[in-house]
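Comments concern the structure below.
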Amino acid sequence: MNQLILCADDFAFSTEDSLVIAELLRSGKLNATSCMTLRPNWMEDSVMLRDVPDTAQIGLHLTLTEEAPIHANGFTQDGVMPGIDPLTRMAARGQLDAGEIRREVEAQFERFEDAMGRPPAFVDGHQHSHALPGIRPIVLEITRRRAPGAWLRTCEDRVSALLGRPWRGKAIGSAYHSRGLTRAAEAAGLRCNQGFAGHYGFDGRFAEALPRFFDKAGPHHLVMCHPGAGRRAGDAIAAARRDEADVLRAVSVSDMAAQNGLAFAA
């Protein structure tokens, strides 16, 4: 049977958001979360993950956009790294310093290990920045060395699956930027998810979107979501975080998964 991983991104985005994600993990509404270890509240928030179910996968959400880095770098302005679009352009033009990227990725791995006492179960990237050229090979090399048992997030999927779900434009764009990541991971002795969904408009329609994320699922089907408290100042998707949390509290994820032939270990 195909496996469903329902992953809350952005653990430690704020302590309030972390509390919501930990609650949803404990209640069996999620079975994975990925952690922003560069956040100043990460070490304290990580304590919340000690009593989640053993089946919950705890991963590293490498963050190279829109947050203060652990180490100063040349692509940070006013103390904050750029958004994904400027970072993508810099990566495509070869304008990122590989040494700076490596130092930041290593530091975020170290903070995960310091808090959790083990390597991450998987590795992904805030706004999927881990898949960008110039960043991808560094992430693969460091993951292979520090977390050889981990899998990596790819947004790649079958064309029929991408076209068979709503919000296909965003999904196709992310899949395009991830193209070749599964092959590169396999060449490095690593693996990726097989099947990916979770794109929608952050527009209050998560209840409508959630069942569709399970359509045309892959064998190791990853669905990203962003539940939280939605109270951090400047959070562009604050309302969507609250809506997603409310929807997940109200539904039976395991029943929804089973209706689509998916096993959900929570």
Side-chain angles (χ1 to χ4, degrees), residues 8-18 21 33-49 58-120 122-147 150 152-153 174 177-178 181 184 188 190 224 226 228 231-238 241:
D9 286 3
D10 302 347
F11 186 90
F13 183 74
S14 76
T15 294
E16 292 80 4
D17 292 312
S18 297
I21 292 170
T33 189
S34 54
C35 306
M36 304 176 80
T37 66
L38 51 46
R39 292 287 300 147
N41 49 293
W42 156 245
M43 290 298 291
E44 292 80 6
D45 289 8
S46 69
V47 175
M48 302 177 199
L49 298 173
I58 311 300
L60 173 59
H61 199 51
L62 288 170
T63 303
L64 298 169
T65 61
E66 298 184 348
E67 296 286 345
I70 296 172
H71 296 293
N73 59 58
F75 59 92
T76 294
Q77 292 187 350
D78 298 323
V80 177
M81 291 180 285
I84 188 60
D85 290 339
L87 186 71
T88 299
R89 289 192 291 270
M90 285 187 280
R93 296 168 183 164
Q95 295 174 338
L96 296 173
D97 184 300
E100 291 179 343
I101 298 295
R102 179 177 297 279
R103 182 172 63 167
E104 186 65 26
V105 171
E106 292 273 16
Q108 292 185 29
F109 263 90
E110 287 171 7
R111 285 199 178 180
F112 185 97
E113 294 161 2
D114 287 347
M116 302 302 297
R118 62 180 187 271
F122 63 92
V123 177
D124 59 31
H126 191 48
Q127 301 177 322
H128 314 303
S129 57
H130 67 297
L132 292 175
I135 298 174
R136 178 186 302 190
I138 293 170
V139 172
L140 288 171
E141 186 277 320
I142 293 174
T143 301
R144 179 176 59 182
R145 175 165 43 83
R146 301 190 75 127
L152 290 99
R153 174 183 295 182
S174 292
H177 287 292
S178 288
L181 180 53
L190 299 166
M224 67 173 179
H226 300 79
R231 295 177 190 157
R232 181 177 161 187
D235 181 9
I237 62 167
R241 293 188 198 275

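Computed from heavy atoms alone, side chains included, the values below leave out hydrogens, waters and symmetry copies.
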Practice task
I would like to know whether L96 and L132 meet side chain to side chain contact (heavy atoms under 4.5 Å, CB included); could you show each step before the answer?
Solution key: CA-CA 11 Å; L96 296 173; L132 292 175; 5.8 Å; no
Problem - Atom pair CG (D17) and CG (N41), whose distance is rounded to the nearest 0.5 Å - result: 9.0 Å
Handout entry: Separation of D124 CG from R153 CZ (nearest 0.5 Å)
Key = 4.0 Å
Exercise for the section: Kindly indicate whether the side chain of N73, heavy atoms from C-beta on, has any atom under 4.5 Å from the side chain of M81. Expected result: yes
Exercise for the section: Name all residues meeting the salt bridge (Lys or Arg N to Asp or Glu O under 4.0 Å) criterion together with R39; count only those two or more places apart in sequence or in a different chain, and write none if there are none. Expected result: E67
Problem - Candidate pair M48 and T15, rule side chain to side chain contact (heavy atoms under 4.5 Å, CB included), full reasoning - result: CA-CA 10 Å; M48 302 177 199; T15 294; 3.9 Å; yes
Practice task
Can you measure from CG (L62) to OG1 (T37) and round to the nearest 0.5 angstrom?
Solution key: 7.5 Å
Fill in the blank from the handout: d(E66 CD, D235 CG) to nearest 0.5 Å is 10.0 Å
Exercise for the section: Answer yes or no: is there a side-chain heavy-atom contact under 4.5 Å between I84 and H128? Expected result: no
Handout entry: Test side-chain contact (heavy atoms from CB on, under 4.5 Å) applied to R102 - qualifying residues, sequence neighbours left out
Key = E106, I138, E141, I142, R145
Exercise for the section: Please answer whether the main-chain N or O of A12 pairs with a side-chain N or O of S18 as donor and acceptor at a distance below 3.5 Å. Expected result: yes
Practice task
Could you check if a side-chain atom of E110 sits within less than 4.5 angstrom of a side-chain atom of R146, using non-hydrogen atoms only?
Solution key: yes
Practice task
Tell me, please, which residues at least two apart from T65 pass side-chain hydrogen bond (donor to acceptor under 3.5 Å, both in side chains).
Solution key: Q127
Problem - side-chain hydrogen bond (donor to acceptor under 3.5 Å, both in side chains) partners for S129, two or more places apart - result: none
Handout entry: Selection residues 77-95 - residue pairs positive for side chain to side chain donor-acceptor pair (under 3.5 Å), sequence neighbours left out
Key = none
Problem - Where G59 and F112 come nearest, the two heavy atoms and their spacing - result: O-CE1, 3.5 Å
Practice task
For S46, check side-chain contact (heavy atoms from CB on, under 4.5 Å) against everything at least two apart and list the hits.
Solution key: W42, A115, M116
Exercise for the section: State whether the side chain of H126 and the backbone N or O of T63 hold a donor-acceptor pair below 3.5 Å, judged by distance alone. Expected result: no
Handout entry: Any residue meeting salt bridge (Lys or Arg N to Asp or Glu O under 4.0 Å) with D45, in chain and number order, not counting sequence neighbours
Key = none
Practice task
Might you point out which heavy atoms bring D9 and S34 nearest each other, and give the distance in Å?
Solution key: OD1-OG, 3.3 Å
Exercise for the section: List for me each residue that meets side-chain contact (heavy atoms from CB on, under 4.5 Å) alongside D97, sequence neighbours excluded, and say none if there are none. Expected result: E100
Problem - ring-ring contact (aromatic ring centres under 6.0 Å, His included) partners for H177, two or more places apart - result: none
Fill in the blank from the handout: Between A131 and S178, the two heavy atoms sitting closest are CB-OG, 4.0 Å
Handout entry: Which atom of V139 lies closest to which atom of V105, heavy atoms considered
Key = CG2-CG2, 4.5 Å
Practice task
Would you check if R118 and I58 make a side-chain contact, meaning some heavy-atom pair closer than 4.5 Å?
Solution key: yes
Problem - Side chain T76, main chain A72, donor-acceptor under 3.5 Å - result: no
Handout entry: Heavy-atom check, side chain of P120 versus side chain of F109, under 4.5 Å
Key = yes
Problem - Non-neighbouring partners of D114 that pass side-chain hydrogen bond (donor to acceptor under 3.5 Å, both in side chains), sequence neighbours left out - result: none
Problem - 4.5 Å side-chain heavy-atom contact, L190 and V123 - result: no
Handout entry: Gap between atom SG of C35 and atom CG of L60 - 0.5 Å precision
Key = 7.5 Å
Exercise for the section: Examine R241 relative to F13 and say whether NZ or CZ is less than 6.0 Å from the centre of the six-membered ring and inside a 45° cone about the ring axis. Expected result: yes
Completion exercise
ring-ring contact (aromatic ring centres under 6.0 Å, His included) filter on F122, not counting sequence neighbours, yields W151
Practice task
Carefully, step by step, assess D10 and R232 under the rule salt bridge (charged side-chain N to carboxylate O under 4.0 Å, His left out).
Solution key: CA-CA 12 Å; D10 302 347; R232 181 177 161 187; over 6 Å; no
Handout entry: Residues in side-chain contact (heavy atoms from CB on, under 4.5 Å) contact with A107, at least two apart in sequence or another chain
Key = I70, H71
